[in-house]
Amino acid sequence: MVLFSDFDTRNYPTVDVRTGYAQWVETYERTVEDAMDLAVLDRLTTPAWAAVTRAADLGCGTGRTGAWLRGKAADGLVLDGVDLTPEMLAVAEGKAVHDSLTEADVAATGLPGGGYDLVISSLIDEHLADLGPLYREAFRLARPGGRCVLVGLHPYFIMAAGMPTHFTSTAGDDIAITTHVHLVSDHLSAGLAAGWRLVEMAEAVVDDAWIALKPKWEKYRSHPVSAAYVWEKTV
């Protein structure tokens with residue numbers, strides 16, 4: 001197991017996921033860049049987004065991913081969102097992009113199994129101590145032939161930058177949210193063990209577009225920053 005504490009260069013005060021996102025909610029969408037996740041989803045070639053009629057959005061947060069998917073999927077998409085933090089769900093509810101919103105752990109959603117064309121999750125895996133429960137729950141939710149798409153921070157970037165997921169509080173303090181490092185092999189092992197078949201993977205690097213957004217990241221140019229995995233349920 002790789003521990004984030006071995007790489008942490010910030011040493012910010014750290015809070016748990018629910019506490020952190022409840023405090024971050026007011027500025028979350030102004031500080032999270034689409035280049036981190038949505039741009040990577042746009043690069044994927046195997047998901048048939050337009051054919052998706054029913055999807056589960058795990059760790060849906062403020063509804064960023066749900067709004068993106070609503071713009072890609074078929075008319076009449078049924079989209080169910082799940083998140084641990086009620087304050088984030090309240091923002092998502094205001095966007096009205098989900099058909100249902102459930103406050104629950106992504107590893108135990110309570111959603112009905114076996115009926116989703118797509119299970120999607122964005123920017124949450126670094127908050128999970130163990131990837132296995134997420135991949136197993138996604139497998140339970142998906143129909144035969146369904147897909148699971150997960151996008152998150154690249155483990156290399158977390159290690160190279162030594163930077164946890166963090167936000168600036170209303171008092172101006174930098175606060176970290178519990179962060180874990182999961183190697184690419186950890187994702188592959190957890191997904192395969194859950195029964196998934198990997199059909200696509202994409203990695204994004206810090207490029208000119210990123211430097212324009214964050215000039216201080218010039219020192220990370222060409223370093224991997226995000227990774228996306230596309231899985232298929234073949235049984």
Side-chain angles (χ1 to χ4, degrees), residues 32-61 63-81 97-98 106 114-126 128 131 134-158 182-213 220-235:
V32 175
E33 302 289 353
D34 289 353
M36 188 68 73
D37 57 343
L38 303 185
V40 186
L41 292 174
D42 273 325
R43 289 177 45 195
L44 298 175
T45 61
T46 57
W49 305 116
V52 174
T53 60
R54 191 176 181 202
D57 181 7
L58 304 189
C60 64
R64 289 176 62 255
T65 307
W68 178 89
L69 182 61
R70 183 69 71 179
K72 298 284 185 180
D75 291 340
L77 168 69
V78 176
L79 179 59
D80 297 323
V97 297
H98 294 88
V106 296
Y116 290 95
D117 304 318
L118 173 70
V119 181
I120 191 166
S121 182
S122 177
L123 301 180
I124 69 164
D125 64 292
E126 76 270 21
L128 305 176
L131 295 174
L134 170 63
Y135 277 109
R136 290 192 293 272
E137 177 68 354
F139 190 84
R140 183 187 72 83
L141 294 174
R143 64 166 178 79
R147 297 287 172 93
C148 171
V149 177
L150 185 149
V151 60
L153 287 169
H154 200 289
Y156 174 87
F157 188 78
I158 297 175
H182 298 296
L183 301 178
V184 171
S185 61
D186 295 332
H187 280 277
L188 299 184
S189 296
L192 293 170
W196 292 104
R197 181 175 73 93
L198 186 68
V199 294
E200 184 178 6
M201 180 181 173
E203 296 170 292
V205 301
V206 177
D207 53 14
D208 288 340
W210 261 117
I211 302 303
L213 292 169
Y220 302 121
R221 181 181 289 276
S222 299
H223 290 214
V225 64
S226 299
Y229 308 82
V230 182
W231 303 87
E232 182 179 25
K233 183 174 182 177
T234 58
V235 293

Chi angles and distances behind the side-chain contact (heavy atoms from CB on, under 4.5 Å) call for E203, H154 | CA-CA 8 Å; E203 296 170 292; H154 200 289; 2.7 Å; yes

Give the C-alpha distance, both sets of side-chain angles, the deciding distance and a yes or no for side-chain contact (heavy atoms from CB on, under 4.5 Å) between R64 and D34.
-> CA-CA 9 Å; R64 289 176 62 255; D34 289 353; 3.0 Å; yes

Worked check of side-chain contact (heavy atoms from CB on, under 4.5 Å) between V78 and T53 | CA-CA 6 Å; V78 176; T53 60; over 6 Å; no

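Looking at heavy atoms from C-beta onward, L198 lies out of side-chain contact with E232 at the 4.5 angstrom threshold. Looking at heavy atoms from C-beta onward, I211 lies in side-chain contact with V206 at the 4.5 angstrom threshold. Looking at heavy atoms from C-beta onward, W196 lies in side-chain contact with K233 at the 4.5 angstrom threshold. With a 4.5 Å cut-off on side-chain heavy atoms, V151 and Y229 do not count as touching. The shortest distance between side-chain heavy atoms of M201 and V184 falls below 4.5 Å. R197 is listed as a side-chain neighbour of V199, based on a closest heavy-atom distance under 4.5 Å. H223 is not listed as a side-chain neighbour of V205, based on a closest heavy-atom distance of 4.5 Å or more. Between L58 and L141, some side-chain heavy-atom pair lies under the 4.5 Å cut-off.
With rounding to the nearest 0.5 Å, the separation of CD1 in I124 from SG in C60 is 10.0 Å. The line from CG of L128 to CG of L134 is 6.0 Å long, rounded to the nearest 0.5 Å. We find the CG-NZ distance between L41 and K72 to be 9.0 Å, quoted to the nearest 0.5 Å. The structure places CG of L213 at 9.0 Å from CG of D207, a figure rounded to the nearest 0.5 Å. Expressed to the nearest 0.5 Å, how far CD of E137 lies from SG of C148 amounts to 11.0 Å. The distance from the CZ atom of R43 to the CG atom of L38 is 13.5 Å, given to the nearest 0.5 Å.
For A35 against V40, the heavy-atom pair with the smallest separation is O-CG2, 3.9 Å.
Defined by atom type and a distance below 3.5 Å, a donor-acceptor pair is present between the side-chain atoms of T45 and E200.
Taking the six-membered ring where the residue is Trp, Y135 and W231 present perpendicular rings, their angle passing 60° and hence far from 30°.
Within the 3.5 Å criterion, the main-chain N or O of W210 finds no donor-acceptor partner in the side chain of R221. In this structure, D42 contributes its side chain and A39 its backbone to no donor-acceptor pair below 3.5 Å.
Evaluated for a side chain to side chain contact (heavy atoms under 4.5 Å, CB included) with L79, the options D57, L118, I120, V52 yield exactly one hit, D57.
We find that D117 and R147 are not joined by a salt bridge, their nearest charged nitrogen and carboxylate oxygen being 4.0 Å or further apart.
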